[in-house]
Number of protein chains: 2
Amino acid sequence: MGITKSEIFTKEQNKLATMLKAIAHPARIAILQHLIKADACICGDLVEELGLAQATISQHLKELKNAGIIQGTVEGASVCYCINPKVWQQYKKELDALFGSYKGSTGCC
Amino acid sequence: MGITKSEIFTKEQNKLATMLKAIAHPARIAILQHLIKADACICGDLVEELGLAQATISQHLKELKNAGIIQGTVEGASVCYCINPKVWQQYKKELDALFGSYKGSTGCC
DNA sequence: AAGTATCATCGTAATATTGCGATATACTTG
DNA sequence: CAAGTATATCGCAATATTACGATGATACTT
């Protein structure tokens, strides 16, 4: 009834799903792309850049931070965000593994 | 208000998010992995394999089919599903582009 | 200390997702 | 054609997500 039955899946499957869910939102993709382009930026920049309310941006940043894919450092009154290189590479690796595991086939179609 | 403001994002960002959302669920990852391993299979196989109700599996299959990542062919009374190689490669390419666009940096951390 | 800027959290409303039983549809077999 | 098999769809209940205003917390400035 509306709750994902995570106990019937493997740890890997649940982890991958959580990972993908973290970046499966246009706002969060936009945030990541902006972080890549600008190297780093503060929350206020993203509010201006994306045109969403500050509370909304903060919430998305929190989810990305929970996923580990970004990290924030307090810098005076503001918080500077940037990509977490290690986690980024790990994401890349795991997605490569998933998408690389399919070698094509005749299937049934 | 609970509705994603897709109009403020680019077509690419929305497309990527939709793509990722399609596979951002452990059941759908499990389905894809089974399809990769078995080359092809019918809905009933997945019901047994995953331990979810038939209606639930059918719904997940529908979402994967909507995303274009799998395709089904009617085979008598049953429907045979398999990976769509073209779309699979496209997904792979777009994710490589996203994850390859980050070349590391000092960030701010 | 008071004021300002920046960000996080709370609470809420709207909407979306998840899972399933029941039922409908389509094909096969006797 | 009737009965069986396989899948899709409907309708519902439970839960999750999205967005935002209001408010709280923190740190810098004067």
Side-chain angles (χ1 to χ4, degrees), chain A residues 1-9 13-14 17-31 35 40-67 70-82 108-109, chain B residues 1-9 13-14 17-31 35 40-67 70-82 108-109:
Chain A
M1 300 111 194
I3 190 169
T4 300
K5 282 190 158 182
S6 48
E7 71 275 10
I8 69 173
F9 304 108
Q13 288 164 341
N14 283 313
T18 304
M19 234 177 69
L20 289 167
K21 212 160 127 189
I23 56 176
H25 190 286
R28 294 197 284 272
I29 290 176
I31 289 175
L35 281 182
C41 73
I42 64 176
C43 174
D45 292 344
L46 293 165
V47 174
E48 276 199 19
E49 186 77 14
L50 300 197
L52 286 171
Q54 183 265 322
T56 307
I57 297 288
S58 186
Q59 200 172 296
H60 283 306
L61 286 171
K62 187 181 174 185
E63 287 182 55
L64 288 170
K65 217 164 52 176
N66 275 346
I70 66 170
Q71 54 193 169
T73 342
V74 178
E75 239 176 45
S78 48
V79 177
C80 182
Y81 286 99
C82 65
C108 55
C109 316
Chain B
M1 330 209 136
I3 189 169
T4 299
K5 284 191 160 181
S6 48
E7 72 274 10
I8 69 172
F9 304 108
Q13 287 165 341
N14 283 312
T18 304
M19 232 177 71
L20 288 167
K21 211 160 126 187
I23 55 175
H25 190 284
R28 295 198 284 272
I29 290 176
I31 290 174
L35 280 182
C41 72
I42 64 174
C43 172
D45 292 344
L46 293 165
V47 174
E48 277 199 18
E49 187 74 14
L50 299 198
L52 286 171
Q54 182 267 324
T56 306
I57 296 289
S58 187
Q59 200 174 297
H60 283 305
L61 285 171
K62 188 181 173 185
E63 288 182 55
L64 287 171
K65 218 165 50 177
N66 276 346
I70 67 171
Q71 56 192 170
T73 341
V74 178
E75 239 175 48
S78 49
V79 177
C80 181
Y81 287 99
C82 65
C108 56
C109 315

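What's counted below: heavy atoms across the whole structure, side chains too, no hydrogens, waters or symmetry copies. Reminder, nothing fancy here: chain letters follow the sequence lines and each chain counts from 1.
- Listed for the R28(B) side chain is a donor-acceptor partner under 3.5 Å among the backbone atoms of K21(B).
- S78(B) comes within 4.0 angstrom of the backbone, heavy atoms only, and of no base.
- Between the CG atom in L46(A) and the NE2 atom in H60(A) there is a gap of 11.0 Å [rounded to 0.5 Å].
- If you take SG on C82(A) and CG on L35(A), they are separated by 7.5 Å, rounding to the nearest 0.5 Å.
- Residue Y81(B) has a polar side-chain atom (N or O) positioned under 4.0 Å from OP1 or OP2 of dA8(D).
- Taking 4.0 Å as the cutoff to heavy atoms of chain B, we find the contact window on DNA chain C bounded by dA13(C) to dT28(C).
- One can place CD1 of I42(B) at 13 Å from P of dT5(D), the figure rounded to the nearest angstrom.
- By the side chain to side chain contact (heavy atoms under 4.5 Å, CB included) test, K62(B) pairs with N66(B), sequence neighbours left out.
- Screening residues 47-58 of chain A for side chain to side chain donor-acceptor pair (under 3.5 Å) gives no qualifying pairs among residues at least two apart or on separate chains.
- S78(B) meets the side chain to side chain contact (heavy atoms under 4.5 Å, CB included) test with I42(B); sequence neighbours excluded.
- Contacts of A30(A) classified as side chain to side chain contact (heavy atoms under 4.5 Å, CB included), with partners at least two apart in sequence or in another chain: L50(A), F9(B), Q13(B).
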TODO: Heavy atoms under 4.0 Å is the rule here; annotate nucleotides 17-30 of chain D 5' to 3' with B where the base is hit, S where only the sugar-phosphate is, and - elsewhere.
DONE: SBBBBB----SS--

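- A distance of 4.5 Å separates CD1 of I57(B) from CG of L52(B), quoted to the nearest 0.5 Å.
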